[in-house]
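Structure record follows, encoded as C-alpha cells.
Below, chains carry the letters A, B, ... as their sequence lines are ordered, and counting in each starts from 1. Values in this document were obtained by computation on a predicted structure and should not be read as measured data.
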Amino acid sequence: MELYQGSLDVKAIFGRWLDEQSSSNYGAYIPFVGTIRAEDGIEALSFDIYEPILQAWFDEWQKRAAERGAIVKMAHAIGDVPVHTSSYISAVFSPKRRVALELIDLFVEDFKANAPIWKYDVIDGKRIYAADRSTSMDGAGLLAQSN
Amino acid sequence: MELYQGSLDVKAIFGRWLDEQSSSNYGAYIPFVGTIRAEDGIEALSFDIYEPILQAWFDEWQKRAAERGAIVKMAHAIGDVPVHTSSYISAVFSPKRRVALELIDLFVEDFKANAPIWKYDVIDGKRIYAADRSTSMDGAGLLAQSN
Amino acid sequence: MIRVEFLGPIGKKPLEIDAATLREVSDLLQQNEALADWLPKCAVALNDMMINDLDTPLKAGDKITILPPVCGG
Amino acid sequence: MIRVEFLGPIGKKPLEIDAATLREVSDLLQQNEALADWLPKCAVALNDMMINDLDTPLKAGDKITILPPVCGG
C-alpha cells in the first residue's frame, strides 16, 4: 500500500508494479486508475486518510487475494488532487483471467465502501466535505443506539 | 485497435492511452494486461490474427461502449510472444466506476470467445495449435449441418 | 466463382468453387474428408461478415472464410 | 482514561473520558449535541480495530476512533 501527498504519478506506479511482478508468472494484471473529473466547478478534490485502519483493511484484502492465488496493490493520494490527475490506483495480479476480473471489481467496490478516506470538493480554495457522495462504513450507527 | 509483431511494449501502450485521454474527463481507466505464463514447458505462445473480422468485432464493441459513455482500446501481438512478456492489452475508459468495471469484464470475455485469433504453443521451436484451450465462435457448425 | 479461405490452424489452401448459396458450399465442403473434424467447430464469414444462415445467397467474387476455434489473449 | 478521536470532516478535538464499556462511551457522546447528526452515520474502532459490539470492555489507555461516511478513490 502506497500513500502520496497530492496527485499520483500513474505511469511510474503502473510500471513499477509491472516490473516488480515481471517474473512472478501472473497471467493477468488489472489496474484501476481513478482520475478526478472536472464537474460542479471544482478545481480539485482533497482527501483525508486514516492510515492504521486503511492498512488493516488492505492487509485483510491481501489475505483474501492470496486465498485465490492473487495479489492486490493500492496507491492513494493525500491532500489536494487537481482535476484530470489521479487520486487512486488499485490493481490485481492473478495467474488467471477470471479471478483477476472478479477480484478487481470486489476490491474496488469494497474500497469505496470501507476504506477510511474522506473526500472534499475544493472550490475557490475552500474544502467542502463531499457528504452526498460518501457512504457509512459497515457497522455505522453503533454509538447512536438507544441503550 | 493496434496489432504488433511480437511482444507488446506494455508501459508505452498504457502510457500513450493515458495521455490520449488525459483531458477527456473520464474518471475510470481499467486496462487488462495479459502476460504469457511459463507452463507446460512452452518457450512462447504464437498467434495468428484475421484482421478484417477482428476490426469489425472491435468496431462493434466501440459502439456498445459509446452507448454507455465509455470507450474501449485493444492491442494484440501477432506471431511469437515469449513467456513473461505481454501478448494482449485491452482497456476501458468511462466517466464512472461501475460502467468501467462491468465493461472490462464483458469486453475481455467476449474477446476470448469471439475475437478471430488462434493460439499456438511454441515448444522446441515447433508451433502446436492450442486446441484444448480454444473455443468455437458464436454460430460455429453452420457448414456441418445436414441438409 | 466463390473463394473459400481456411484460417489459422486448418492449414488448407483456399478453394475456388461454384455455388449459388451457402448450403451448396456446405455440401461441397462436407465431401472433403480433411475438413470433417473442423466443420462442426468452425464459424463462417461472408465477405468478412459473420453469418448464421445456410440460405444466404452468393454471387461471383464472394469470399467465404472458415474460422476454427479461437483463443486470443 | 479513554481517548476518543474524531476523524475526517467531523472536525472535533479528541476527548479524554472515563468509561468501562463502549456503551458508556455511547451514553456520553449522545449527550453532545454537536455529534447528534454524526453518530448515526459513524462507524467505530477500538485501538484501530473496527468493532460492532456495545458491550466491548474498555481499559485505561484505550483509543476509540469515530469514522464518518467515507468516499475514497
- Item | Contact summary for B:Pro52 and C:Asp48, nearest pair of heavy atoms |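 Taking every non-hydrogen atom into account, CB-OD2, 3.3 Å.
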
- Query: What pair of heavy atoms forms the shortest contact from C:Leu67 to B:Pro116, and how long is it?
  - Reply: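 What the structure gives for the nearest pair is CD2-CB, 3.8 Å.
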
- Item | Side-chain heavy atoms of B:Ile53 within contact of C:Met50, under 4.5 Å |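 With C-beta onward as the side chain, the pair touches.
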
- Message: Within the structure provided, determine whether C:Val70 and B:Ile117 are in side-chain contact (heavy-atom separation under 4.5 Å).
- Response: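 Result no, sub-4.5 Å side-chain heavy-atom pair not found.
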
Surrounding [atom1] of [X] (heavy atoms of other residues, nucleotides or ligands, distance under 6.0 Å), is the total greater than 12?
X	atom1	value
B:Asp124	CG	no
C:Glu33	CD	no
C:Asp37	CG	no

- Message: Please identify, among B:Phe111, B:Tyr129, B:Tyr120, B:Phe32, the residue contributing the most non-hydrogen atom pairs under 4.5 Å to chain C.
- Response: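 Counting heavy-atom pairs under 4.5 Å, the top option is B:Tyr129.
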
Counting only non-hydrogen atoms closer than 4.5 Å, does [X] touch chain C with its backbone (N, CA, C, O), its side chain (CB onward), both, or neither?
X	result
B:Ser87	side chain
B:Ala130	neither
B:Ala113	backbone

Given 3.5 Å as the limit, does a donor-acceptor pair link the side chain of [X] with the main chain of [Y], or not?
X	Y	answer
B:Ser136	C:Lys41	yes
B:His76	C:Gly73	yes
B:Gln145	C:Pro40	no
B:Lys112	C:Cys71	no

- Query: How far does CD1 of C:Ile64 sit from CG of B:Leu143, to the nearest 0.5 angstrom?
  - Reply: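 With rounding to 0.5 Å, CD1 (C:Ile64) is 7.5 Å from CG (B:Leu143).
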
- Message: By the definition side-chain contact (heavy atoms from CB on, under 4.5 Å), identify the one residue from C:Val44, C:Leu39, C:Thr56 that meets it with B:Leu142.
- Response: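 Filter result, single survivor: C:Val44.
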
- Message: Heavy-atom pairs under 4.5 Å with chain B - which of C:Pro68, C:Ala36, C:Ala43, C:Pro9 has more of them than the others?
- Response: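 Among the listed options, the one with the most contacts to chain B is C:Pro9.
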
- Message: Can you tell me which of C:Asp53, C:Ile66, C:Asn52 forms the most heavy-atom pairs within a distance under 4.5 Å of chain B?
- Response: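 Ranked by contacts with chain B, first place is C:Asn52.
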
- Task: With a 4.5 angstrom heavy-atom cut-off, could you sort out which part of C:Leu22 is near chain B: side chain, backbone, both or neither?
- Result: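 Interface part for C:Leu22: both.
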
- Task: Tell me whether the centres of the aromatic rings in C:Phe6 and B:Trp118 are closer together than 6.0 Å.
- Result: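 That pair fails the under 6.0 Å test.
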
